[in-house]
Amino acid sequence: MKQTPETVVLLNFGCRDIQQLARAIRDQHIYTMVMPYTVSCERLLQEKPVGLIICSDSATCGQPAAREKFRETGLPLFELSLTAGQDYTAQVAAAVDFCCRECSCRKSWRLDKFIDEAVADIRSQVGSERVVLGLSGGVDSSVVAALLQRAIGKQLTCVFVNNGLLRKNEPETVQEIFARNFAMDLRYVDASDRFLDKLQGISDPEQKRKIIGKEFIDVFAEAAAETNAPFLGQGTIYPDILESIPLDGNPAGVIKSHHNVGGLPEDLKFQLVEPVERLFKDEVRQVGRMLGLPGELLDRHPFPGPSLGVRHLGAIKRETLAMLREADAIVTEELLKSGWYHKTWQSFAVFLPVKTVGMKNHQRTYDYVIALRSINTVDAMTAQIVRLPWELIDSITARIVNEVKGINRVVYDTTPKPPGTIEWE
Ligand code: XMP
């Protein structure tokens, strides 16, 4: 039986900052959920909310019929109007006051309690069966691995797929961290050649993504089938779910799960175990810390599923991929050393398949280019470039052109999102 904390539902009437608001109220130990204004009362009441907060941007309002529908539930109701992007400390204080005074919330939402409840839920869902989990070394799947390990121990098998496009030392680091912290059955599948062979000569970004995605599913499905597990663990988190619900396009308001390993073959029928689907990203990190995962894993920059494949422009060759991997490691090392790693959301190297003329040791060179990208963002929908100190850019440049054979030039990407995207492909 799934445990339900005391819940306040935020009804989205077109409020851009609603996730941040939901998160800020949770910080006050009140559990919040977000639902679109089109949600049916039946669906809403399934969550047994103790109160409702209608949230709109100052620019949007209306939908009187929907407001009336929620009023008729008889639940305490509060209206908040936020101006997108503005500080809403006062409104949150008012919302928390509403939750405590009018909904009698006891401020009982605690992440340590969440862990105990999640462990109990996993045990009751899974019983004595086996669970297989694709472990990528990213925050979400790592935390799910740690939670599942605590809940069901030896019934868990983790599969780590090396797609040949990972960062320097990544397979070793992830395996070492998990071996050091958890006695778990972690299977390492080195499928580098399979991926790189399939990618040979392919330069179209979409085609590259599709090949990497499909190959991953094939490799993972093969490894998962060997475990005979009826359950598949997934690192779905709350924003994944929220982002898959259109504000007004889903009349039943049914919350759809976002399938991280979507597209698994039909004959592999798994039941999903998604223990962090109710948490925001930084709550997932906090849970990870409480479970003993090290900061080197929890505080890493986001890394895309197609890995270095979308940072190596054009057709991927093993030789040039190795240049990108070295350059990327230098960027990370220098950022960590200077303290800038944790001040940026993402900073990375991109390989450009363009040769330019240069000079090394008094000799003419004709080598490739690395672009350096550093951005900050709140939700990855828009992003600002980071003005890294020149001294840092200098030292990164000097190390890349000196240490990475085949690269003789480094350029800095000054494009925000939009019009650029964060990744180059
Ligand atoms: P873009 O390039 O779309 O990236 O501005 C936004 C954020 O998403 C990450 N990203 C991905 N993550 N699979 C992922 O898991 C992907 O295919 C993918 N593409 C981009 C990107 O690193 C950035 O944080």
Side-chain angles (χ1 to χ4, degrees), residues 5 7-10 12 15-34 55 82 84-89 91-93 95-96 99 107-119 135-148 150 177 181 233-244 258 260 274-305 335-336 339-347 374-384 386 422:
T7 304
V8 172
V9 172
L10 271 56
N12 193 355
C15 176
R16 209 189 72 177
D17 292 341
I18 198 159
Q19 286 196 35
Q20 284 96 300
L21 183 68
R23 178 69 197 88
I25 300 175
R26 281 198 191 182
D27 260 344
Q28 302 299 314
H29 307 293
I30 295 165
Y31 181 70
T32 51
M33 287 185 79
V34 177
C55 305
L82 305 179
Q86 278 203 344
D87 178 29
Y88 44 75
T89 316
Q91 280 100 323
V92 175
V96 171
C99 296
K107 293 196 161 199
S108 54
W109 170 247
R110 294 275 189 291
L111 286 175
D112 48 356
K113 234 170 72 186
F114 165 85
I115 294 177
D116 295 340
E117 289 172 1
V119 164
L135 182 67
S136 68
V139 174
D140 305 335
S141 66
S142 298
V143 173
V144 169
L147 255 180
L148 286 167
R150 179 171 289 194
I177 288 174
N181 292 281
Q234 289 223 93
T236 310
I237 65 171
Y238 200 38
D240 295 336
I241 293 175
L242 293 182
E243 280 150 25
S244 66
H258 188 97
N260 291 342
E274 299 180 298
V276 297
E277 65 180 345
R278 289 195 265 154
L279 302 186
F280 287 103
K281 189 85 177 186
D282 54 329
E283 291 177 314
V284 175
R285 285 203 171 92
Q286 284 178 46
V287 165
R289 249 172 227 118
M290 290 173 179
L291 291 168
L293 287 170
E296 65 184 299
L297 214 146
L298 295 174
D299 299 325
R300 290 179 102 181
H301 287 174
F303 189 57
L335 270 122
L336 280 170
W340 275 86
Y341 186 87
H342 297 297
K343 291 190 222 165
T344 67
W345 165 278
Q346 255 174 318
S347 301
S374 182
I375 59 99
N376 266 332
T377 175
V378 175
D379 53 13
M381 306 294 280
T382 60
Q384 302 77 47
V386 177
I422 296 174

Chi angles and distances behind the side-chain contact (heavy atoms from CB on, under 4.5 Å) call for Cys55, Leu82: CA-CA 7 Å; Cys55 305; Leu82 305 179; 5.7 Å; no
Flag side-chain contact, heavy atom, 4.5 Å: Phe280 against Pro239: yes
Donor-acceptor contact present, side-chain His301 to main-chain Ser347, <3.5 Å: yes
Least distance between heavy atoms, Leu147 atom then Ala118 atom: CD2-CB, 4.2 Å
Flag side-chain contact, heavy atom, 4.5 Å: Leu298 against Val143: yes
Closest contact, heavy atoms only, Leu297 versus Ser142: CD2-OG, 3.0 Å
CA sep, side-chain torsions, deciding dist, call: Val9, Thr32, side-chain contact (heavy atoms from CB on, under 4.5 Å): CA-CA 6 Å; Val9 172; Thr32 51; over 6 Å; no
Inter-residue atom distance Arg285.CZ - Met290.CE, 0.5 Å rounding: 14.5 Å
Closest non-hydrogen atom pair between Arg110 and Lys107, with its separation: NH1-O, 3.2 Å
Worked check of side chain to side chain donor-acceptor pair (under 3.5 Å) between Thr236 and Glu274: CA-CA 6 Å; Thr236 310; Glu274 299 180 298; 2.6 Å; yes
Spacing of Leu111 atom CG and Asp116 atom CG [to the nearest 0.5 Å]: 11.5 Å
Aromatic plane relationship, Trp109 with Tyr31 - under 30° parallel, 30 to 60° tilted, over 60° perpendicular: tilted
His342 side chain near Leu336 side chain, heavy-atom distance below 4.5 Å: yes
Residue pair Asn376 / Trp345, side-chain heavy-atom distance below 4.5 Å: yes
Pair Glu243, Gln19: side-chain N/O donor-acceptor within cut-off below 3.5 Å: yes
Check: Val276 and Glu283 side chains under 4.5 Å, non-hydrogen atoms: no
Intermediate values then yes/no, side-chain contact (heavy atoms from CB on, under 4.5 Å), Ile177 and Asn181: CA-CA 6 Å; Ile177 288 174; Asn181 292 281; 3.6 Å; yes
Sub-4.5 Å side-chain heavy-atom contact between Ile375 and Thr344: no
Distance-minimising heavy-atom pair for Leu291 and Ala146: CD1-CB, 3.9 Å
Inter-residue atom distance Asp140.CG - Glu277.CD, 0.5 Å rounding: 12.5 Å
Under the side chain to side chain donor-acceptor pair (under 3.5 Å) test, residues paired with Ser141 that sit two or more places apart: Ser136
Trace of the side-chain contact (heavy atoms from CB on, under 4.5 Å) decision for Leu279 with Ile237: CA-CA 6 Å; Leu279 302 186; Ile237 65 171; 5.7 Å; no
Minimum heavy-atom distance between Lys113 and Ser108, given as atom pair plus value: NZ-O, 3.1 Å
Salt bridge (charged side-chain N to carboxylate O under 4.0 Å, His left out) involving Arg300 - partner list, sequence neighbours excluded: Glu170
Gln20 and Tyr88, any side-chain heavy atoms less than 4.5 Å apart: yes
Pairwise side-chain contact, Val386 with Lys343, heavy-atom cut-off 4.5 Å (strictly under): no
Spacing of CD belonging to Gln286 relative to CD1 belonging to Ile115, to within rounding of 0.5 Å: 10.0 Å
Where Val8 and Cys99 come nearest, the two heavy atoms and their spacing: CG2-SG, 3.8 Å
Rounded distance (nearest 0.5 Å) linking atom NZ of Lys281 with atom CZ of Arg23: 13.0 Å
Residue list, salt bridge (charged side-chain N to carboxylate O under 4.0 Å, His left out) with Asp379, at least two apart or on another chain: none
From CA spacing to verdict: salt bridge (Lys or Arg N to Asp or Glu O under 4.0 Å), Asp299, Arg289: CA-CA 10 Å; Asp299 299 325; Arg289 249 172 227 118; 2.5 Å; yes
CG-SG distance between Leu10 and Cys15, expressed to the nearest 0.5 angstrom: 8.0 Å
